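What follows is a single structure, written as structure tokens, with notes after it.
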Amino acid sequence: MDDQKLIEDLRPDAPLLGAPTRRGSRWRAAAWIAAALLIAAGIAWWIHSRPGTQTAMPRFATSGPMPVLADTAQKGAIDITLDELGTVTPLATVTIRTQISGQLMKLNFQEGQMVAKGDLVAEIDSRPYDLALGQMQGQLARDQALLKNAELDLARYRKLVAQDSIPHQQLDTQDALVHQLQGTVMTDQAQVDNAKLNVLYCHITAPVSGRVGLRQVDVGNYVQTNDTNGIVVITQIQPITVIFTVPEDEVPAIMRRLRAGATLPVDAYDRSRTTKLATGQLSTVDNQVDTSTGTVKLRAQFDNAGFELFPNQFVNVHLTVDTLNDTTIVASSAVQRGAAGSYVYLINPDDTVTVRPVKLGPTNGERVAVASGLAPGDQVVVDGADKLRDGAKISRRDTAGAAAPANPAQPAAPRRRDGAQGQKTP
């Protein structure tokens with residue numbers, strides 16, 4: 001049966017094997033191509049209709065006026081300042097050490113308290129030194145009595161020699177004895193004074209006014225003059241100073257101001273430069289340049305009435321060297337920088353902008369002095385300049401970000417930039 005079917009399939013008029021299979025493959029390929037085209041069309045439609053694409057296009061559009069925030073150049077004064085890093089340094093730091101050896105009997109302070117110059121700080125056992133003082137005083141009294149007796153004998157011998165009753169040699173011997181006893185009395189007096197000084201050293205007083213640190217030894221210990229840590233450290237903090245460095249190129253301007261008798265104010269800020277700690281003045285300039293850094297040390301003094309400054313504290317120093325008066329001032333955010341230098345976008349009366357090159361002076365915070373290129377009353381763009389080009393049409397916006405019509409005859413009053421003005425519209 002199988003052989004007969006095979007013979008029928010091999011007949012010339014029999015249909016070709018696999019013909020229906022080739023037609024099915026062509027249909028499936030066409031279906032896959034159609035599906036791929038539909039997917040590609042869907043992706044293109046999705047990309048084209050995204051909100052981000054539509055909102056991003058007006059940012060660089062040039063057909064309509066560009067909303068910007070404006071500021072007016074003004075005539076005024078601006079400080080020439082230097083911002084440096086400094087270290088709080090006390091005027092005096094004294095380690096209290098004993099000048100004699102003995103047992104520490106008493107500490108007359110609390111750790112961290114303020115003491116005045118001359119206040120009693122510590123007491124050493126003075127009994128051995130009191131006894132030594134008594135001994136020296138007794139020896140002095142004895143030798144003073146011997147000297148007095150020798151002086152009386154010398155006076156008698158002089159009378160007897162005048163009467164030729166005794167040899168002159170005896171007078172000379174007595175005179176030498178008097179001088180010898182005078183020397184002994186002087187030595188005794190020095191020993192008495194030294195003993196009194198040792199007794200005085202048993203009562204240790206503060207040599208400067210300041211804050212007492214942590215005690216280095218406890219009561220009852222035997223202290224000696226060669227103790228390295230001492231008893232306690234006193235640091236003078238009222239007034240207190242800050243030492244900082246400035247580049248050597250800035251020193252001539254500072255010295256000119258000091259020679260003219262000017263007082264240069266100095267402000268001390270914390271690490272973040274947000275909180276002013278104290279205000280003082282420049283007191284002195286070092287006498288040489290540090291060749292390794294090219295800087296010069298300066299010292300500023302502060303009253304430190306509220307103990308804002310602490311020894312060895314790092315602070316940011318703001319030194320005002322001079323003040324420029326009657327100069328053109330504009331917001332620092334108005335200045336743009338490019339390959340050709342600094343420039344601003346000057347707002348014209350027809351609400352277009354012009355690129356205006358400027359030469360800048362000193363900067364103080366959010367304001368900068370303009371040496372040339374602007375005049376008082378000129379209006380410049382302070383926000384939105386990244387979307388502009390020379391000749392672009394603009395519209396001023398208010399602090400809320402909405403566009404406001406411009407009035408060329410009445411320039412807008414200068415506004416202070418805040419968080420709302422600094423925002424950019426898409």
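A quick note: this is a predicted structure, and the numbers were derived from the prediction, not measured.
Counted by atom type alone, T354 and N348 present one or more donor-acceptor pairs between their side chains at under 3.5 Å. Side chains of D79 and T81: no donor on one and acceptor on the other come within 3.5 Å.
When every heavy atom of R396 is checked against every heavy atom of A70, the shortest pair comes out as NE-CB, 4.2 Å. When every heavy atom of A375 is checked against every heavy atom of T328, the shortest pair comes out as C-CG2, 4.2 Å. Across every non-hydrogen atom of V115 and A206, the tightest pair is CG2-CB, 4.2 Å.
Expressed to the nearest 0.5 Å, how far OH of Y343 lies from CG of L360 amounts to 12.5 Å.
Side-chain contact between T295 and K297 is absent, with no heavy-atom pair separated by less than 4.5 Å.
With hydrogens and angles disregarded, a donor-acceptor distance shorter than 3.5 Å links the side chain of N304 to the backbone of L309. Side-chain N or O atoms of D290 include one that pairs as donor or acceptor with a backbone N or O of S292 at under 3.5 Å. Checked by atom type and distance alone, the side chain of D153 never pairs as donor or acceptor with a backbone atom of Y157 at under 3.5 Å. Between the side chain of Y345 and the backbone N or O of L388 there is at least one donor-acceptor pair closer than 3.5 Å. Proximity of a side-chain donor or acceptor of R257 to a complementary backbone N or O of V321 within less than 3.5 Å is detected. Side-chain N or O atoms of E366 include none that pairs as donor or acceptor with a backbone N or O of A331 at under 3.5 Å.
The side-chain contact (heavy atoms from CB on, under 4.5 Å) search around S372 returns K359, not counting sequence neighbours.
The environment of CG in N108 is crowded: more than 12 heavy-atom neighbours from other residues, nucleotides or ligands sit within 6.0 Å. Within a 6.0 Å sphere centred on CD of Q113, other residues, nucleotides and ligands contribute more than 12 heavy atoms. A 6.0 Å sphere centred on NZ of K106 holds no more than 12 heavy atoms belonging to other residues, nucleotides or ligands. Within 6.0 Å of the CZ atom in F314, the count of heavy atoms belonging to other residues, nucleotides or ligands does not exceed 12.
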For residues 241-254, run the donor-acceptor check on the side chains, cut-off 3.5 Å, and write out each pair with its distance to 0.1 Å, sequence neighbours left out.
from : atom 1 : to   : atom 2 : distance (Å)
T241 : OG1    : T89  : O      : 2.5
T241 : OG1    : R299 : NH1    : 2.9

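Sorted by first and then second residue, the pairs that involve residues 124-146 and meet salt bridge (charged side-chain N to carboxylate O under 4.0 Å, His left out), not counting sequence neighbours, are D125-R127.
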